[in-house]
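This chain uses plain numbering: 1 for the first residue, then up along the sequence. Only heavy atoms go into these numbers, but all of them, side chains included; no hydrogens, no water, no symmetry mates.
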Amino acid sequence: MSDRDRINIHPHDEPVYGAGIWHFATYVDRYATDGYGEPKTVLDCIKLAGAVGDLSVVDLNWPFPPGGISTAEVRAALDEQNLRAIAVTPEFYTGKFAKGGFTNPDPAVRQDAIDLVAAAAEVGRELGVDYIKLWPGQDGYDYPFQADYTDLWDKSVGAVRELAQAFPDLKFAIEYKPREPRNRMVFSSVARTLLAIEDMGVDNVGILLDFGHSLYGGETPAEAAKMAMSRGKLFAIDVNDNFRGWDDDMVVGSVHLLETFEFFFALRDAGWEGVWQLDQFPFREDSVEAARAGIRTMRAFHHALGYLDRDALAAAQSAQDALGAQRIAKRALYRALAESESE
């Protein structure tokens, strides 16, 4: 049986590609505090997203940067670029929440965080999003003895439960990360986040698995995805790359090419059919070209999954034949990459 025959027997439609709208923003770091490029509004970013050509959906920060931009204006900009909002990400990780959003020691600030997410959920309803993304980056701690760990856990679980119960018609996707901006975050791994979701006791909370966060946390992203999918809790993915020492948000497949292919194999193998979404930070690269590069690589993964000899791979994995399994995966992957570069 040829590889081409395998594609005909196991056809799959082209994935839907998306991106966090911040992919097209202007970035700053602690050295270049003036930013890498001219400031951009969310409307500017939507226009750049439309220029990519292969994007269908975007995840939007809220309040819409830099503020003072209405939902109607954003909807019109999305329509003009033939894009849809897949998610809204409320910014409850800014300086105001330096000591935590859901876990802040000040009850008033904790309520502000919950109210901000609730307001973002209302905007999400207006835009018809698939989920509200929760990235509680300031919820955690920095030093030993700084906090009561049980208290942090209970506040985090309780806040998300409260929001999920207040908006039963919406999904909430928690994006876990081991650290940054806090040295230790409450939702720091796939296992801890799944345990927290179990403690919440609600059906509409799941996980957004950021490939780079999983790498950075010492996980194997394919294995982490399998854990979340086995419990029906993988609501979304973000894809990027890094050197495992920091959340670099580099172009997809630029460092961990084989692990990224394995990640998409795990998704396809489990029948997961969500959006293949970019979360890249092209500090010094052209943002439109960086998006195109990431999508080109993801499209190669898609074709490589069609070329993959699944029977041979299953046999190699059953025998734990590491070299044989890698040879089978590389044969499919390199073929697809070569074809993508010749297009």
Side-chain angles (χ1 to χ4, degrees), residues 1-19 52-55 209-212 214-216 219-226 229 237-245 248-280 282 285-286 288-343:
M1 182 183 293
S2 71
D3 289 331
R4 289 293 181 187
D5 291 332
R6 292 180 190 283
I7 298 172
N8 293 332
I9 291 174
H10 301 288
H12 289 281
D13 294 332
E14 181 85 4
V16 174
Y17 299 114
V52 173
D54 288 311
L55 288 178
L209 199 161
D210 183 298
F211 183 87
S214 186
L215 285 178
Y216 179 31
E219 297 177 340
T220 296
E223 181 184 29
K226 287 272 192 175
M229 288 186 293
I237 61 169
D238 277 349
V239 195
N240 44 50
D241 212 335
N242 61 52
F243 285 103
R244 261 196 164 95
D248 303 305
D249 286 321
M250 297 164 68
V251 171
V252 175
S254 53
V255 183
H256 295 93
L257 186 65
L258 200 60
E259 279 186 270
T260 315
F261 182 39
E262 184 191 32
F263 176 70
F264 284 109
F265 169 72
L267 298 177
R268 178 66 55 79
D269 192 49
W272 192 86
E273 296 183 352
V275 172
W276 292 18
Q277 188 152 289
L278 298 171
D279 182 10
Q280 304 177 155
E285 293 73 39
D286 180 274
V288 171
E289 290 305 316
R292 289 172 178 165
I295 292 171
R296 188 162 55 247
T297 300
M298 289 195 291
R299 183 172 285 120
F301 292 144
H302 168 66
H303 291 304
L305 290 169
Y307 297 150
L308 197 61
D309 187 332
R310 291 174 180 271
D311 293 337
L313 180 61
Q317 290 182 330
S318 179
Q320 292 196 25
D321 178 1
L323 300 182
Q326 286 218 336
R327 184 169 61 253
I328 293 161
K330 288 176 180 176
R331 185 184 302 132
L333 177 58
Y334 294 163
R335 174 181 173 181
L337 287 170
E339 290 175 352
S340 72
E341 291 303 321
S342 64
E343 292 176 355

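Tyr17 OH to His302 NE2: the interatomic distance, rounded to the nearest 0.5 Å, is 6.0 Å. The CG atom of Asp249 sits 4.5 Å away from atom CG of Asp279, with the distance rounded to the nearest 0.5 Å. Distance check: Leu333 CG to Leu305 CG gives 9.0 Å after rounding to the nearest 0.5 Å. In this structure, the separation between CG on Leu308 and NZ on Lys330 is 14.0 Å, given to the nearest 0.5 Å.
The shortest non-hydrogen separation linking Gly18 to Val275 is N-CG1, 3.6 Å. For the residue pair Pro282 and Ala290, the shortest heavy atom distance occurs at CB-CB, 3.8 Å. What you find for Asp269 and Lys226 is that their closest heavy atoms are OD2-NZ, 3.0 Å. Nearest heavy-atom pair across Asp248 and Phe243 is OD2-N, 3.1 Å. Taking both residues in full, the closest heavy atoms of Leu209 and Pro221 are given as CD1-O, 4.2 Å, listed atom of the first, atom of the second, then distance. Gly294 and Gln280 make their closest contact through CA-OE1, 3.7 Å (heavy atoms, listed as atom of the first residue, atom of the second, distance).
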With side-chain hydrogen bond (donor to acceptor under 3.5 Å, both in side chains) as the criterion, how do Gln277 and Asp238 come out once you've worked through the C-alpha distance, each side chain's angles and the decisive distance to 0.1 Å?
CA-CA 5 Å; Gln277 188 152 289; Asp238 277 349; 3.3 Å; yes
Run the side-chain contact (heavy atoms from CB on, under 4.5 Å) test on Asp13 and Glu273 for me, step by step, so that the C-alpha distance in whole Å, both residues' side-chain angles and the decisive distance to 0.1 Å come before the verdict.
CA-CA 10 Å; Asp13 294 332; Glu273 296 183 352; over 6 Å; no
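Leu215 has its side chain out of reach of Asn240: every pair of non-hydrogen atoms, C-beta onward, lies at least 4.5 Å apart. For the pair His303 and Arg335, the minimum side-chain heavy-atom distance is 4.5 Å or more.
For the pair Ser318 (side chain) and Ala315 (backbone), a donor-acceptor distance under 3.5 Å is absent.
The existence of a salt bridge linking Asp309 and Arg331 is excluded, since no basic side-chain nitrogen approaches an acidic carboxylate oxygen closer than 4.0 Å.
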Side chains of residues 251-267: which donor-acceptor pairs under 3.5 Å do they make with residues two or more places apart or in other chains?
residue	atom	partner	partner atom	Å
Ser254	OG	Val251	O	2.6
His256	ND1	Asp241	OD1	2.9
His256	ND1	Asn242	O	3.1
His256	NE2	Arg244	NH1	3.3
Glu259	OE1	Arg244	NH1	2.9
Glu259	OE2	Arg244	NH2	3.0
Thr260	OG1	His256	O	2.5

